[in-house]
Amino acid sequence: MAAMSGGVDSSVCALLLQRAGCDVRGATMVLRDAAVPVAGAGPHGAACDVAPCGSSRDVEDARAVCRRLGIPHDAFDLRSRFDAAVIRPFCDAYLAGRTPNPCIDCNRHLKFEALQQRRRELGLQYVATGHYARRRWNEASGRWQLLRALDTAKDQSYVLYHLTQDTLAHMLFPLGGLTKDEVRALARDHGFVTADKPESQDICFVPDGDYAGFIEGYCGDASAFAAGEIVNREGRVLGEHGGLVHYTIGQRKGIGVAASEPLYVVEKDVAANRLVVGFKDELESRGVVARDVNLVSGDALDGRRHVQVKTHYRQRPVDAVAQQTGPDELTVTFDEPQRPAAPGQAVVIYDGEVVLGGGTAVRTF
RNA sequence: UGGGGUAUCGUCCAACGGCAGGACUCUGGUUUUUGGUACCAGCUACCUAGGUUCGAAUCCUAGUACCCCAG
């Protein structure tokens, strides 16, 4: 079963499986939007909104690619699950002052849990996705390992740290050894309608980028939208903010306070509804504590382990020491001070090309 | 009120009498399957009224506002 988002990567994913001689069927998750498109509907693209990920337009595109490949295509209505597993937690996290990563939740609960469930129901062997990542069987440990993509510029293993051994055993990542250029070239060669679709960006269910407005519309009024003071580390009032929901740790734009140098958010004081800001040199962090930990490649962490860590999707991994500090708690100490991670973000640790695992940042130090 | 000082983008500061420049904010763009970051670009100002001068942000006079010291 090839998970097809309606983008170029998953289109090529299906193509490569077919080329490899697999018996492929495409599957698209309908995550939001109005109607589930009816099979055989007219040509795609007629006055559709440009919307990434799970919209009716994407379902049409995925279906068109499957038709071209001559493989069956199914659309699964996962809208209510998307709401419960992604949107709701996303809003709750923001309202509590954290900075969630909805793409991680979506991968975890929909692309993997829900699609694997479908796979079992259909009696199929694998779910394949268009992620730029690789897996490898480790003879020594008798476990599957999750690896970074060969094209490190496009590597997406960061969003997969939560995979289980059982899921990994039934996953394929056909794009893990390719570059984006190669993938696009393949798509063009095969005349896929998705060949030149832009890279997805922004939160798929908030296409205009106004996530705060979305949360307000979804959850109604809340204290996270209340105006409050902007202060520096010494407690001096520098201005007023328009609700803590608009800010995240490390943020520079949108503070609205002019100073000799740029100011960054160094802390969100939810209890006092105050935004604490400081200069760049006040944005130093020695490490981060993560919960909801998953060690995807199976290795337990014995004592202190030298690793590389990312606290953001597009960060280059930095050297650090990771240590299990509780039954479900991981403490990562950077070798050199870093920009702080925002609570709610994913902390992912690597040993070279192997993804060891990760968790959700709960606090920094 | 007596003496002194300062008035320039939204903010903070520059500019020998010769096209008003920078930092920050803001806006836009690039990058990006999250928020952010980073990078690039752009907008906006000489307190008012006179005078001197070929030419005034700059020199002079008056007004206005603010600051400091005297109270």
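Letters A, B, ... are given to chains in the order of the sequence lines, protein chains preceding strands, and every chain is numbered from 1. Quick caveat: nothing in here was measured; it's all calculated off a predicted structure. What you see below is based on every heavy atom in this structure, not just the backbone, and it leaves out hydrogens, waters and symmetry mates.
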*Tell me what A/Lys154 touches on the nucleic acid: a base, only sugar-phosphate, or nothing, going by heavy atoms under 4.0 Å.*
sugar-phosphate
*What is the nucleic acid contact for A/Asn107, judged by heavy atoms within less than 4.0 Å: base, sugar-phosphate only, or nothing?*
base
*Have a look at A/Tyr211 and say if it touches a base, only the backbone sugar-phosphate, or nothing, with a 4.0 Å heavy-atom cut-off.*
sugar-phosphate
*Which part of the nucleic acid does A/Ser260 contact within heavy-atom distance under 4.0 Å: base, sugar-phosphate only, or nothing?*
sugar-phosphate
*For A/Val265, answer base if it contacts any base atom (sugar-phosphate contacts may also be present), sugar-phosphate if it contacts only those atoms, and nothing otherwise; contact means non-hydrogen atoms under 4.0 Å.*
nothing
*Between B/A38, B/C24, B/U34, which one does the side chain of A/Ala258 approach most closely?*
B/C24
_Pairing annotation in dot-bracket form, given for RNA chain B with Watson-Crick or G-U pairs under 3.5 Å and | for cross-strand partners_ = (((((((..((((....[..)))).(((((.......)))))....(((((..]....)))))))))))).
_I'd like to know if A/Gln345 reaches the base of B/U34 with its side chain, counting only an N/O donor and acceptor under 3.5 Å._
yes
*Using a heavy-atom cut-off of under 4.0 Å over every strand shown, decide if A/Gly7 touches base, sugar-phosphate, or nothing.*
nothing
*Answer with base, sugar-phosphate or nothing: what part of the nucleic acid does A/Ile255 contact at a heavy-atom distance below 4.0 Å?*
sugar-phosphate
*With a 4.0 Å cut-off on heavy atoms, is A/Phe90 in touch with a base, just the backbone sugar-phosphate, or nothing at all?*
nothing
*asked:* For a quick check of understanding: with a heavy-atom distance under 4.0 Å over all strands, which category does A/Ala342 fall into, base, sugar-phosphate or nothing?
replied: base
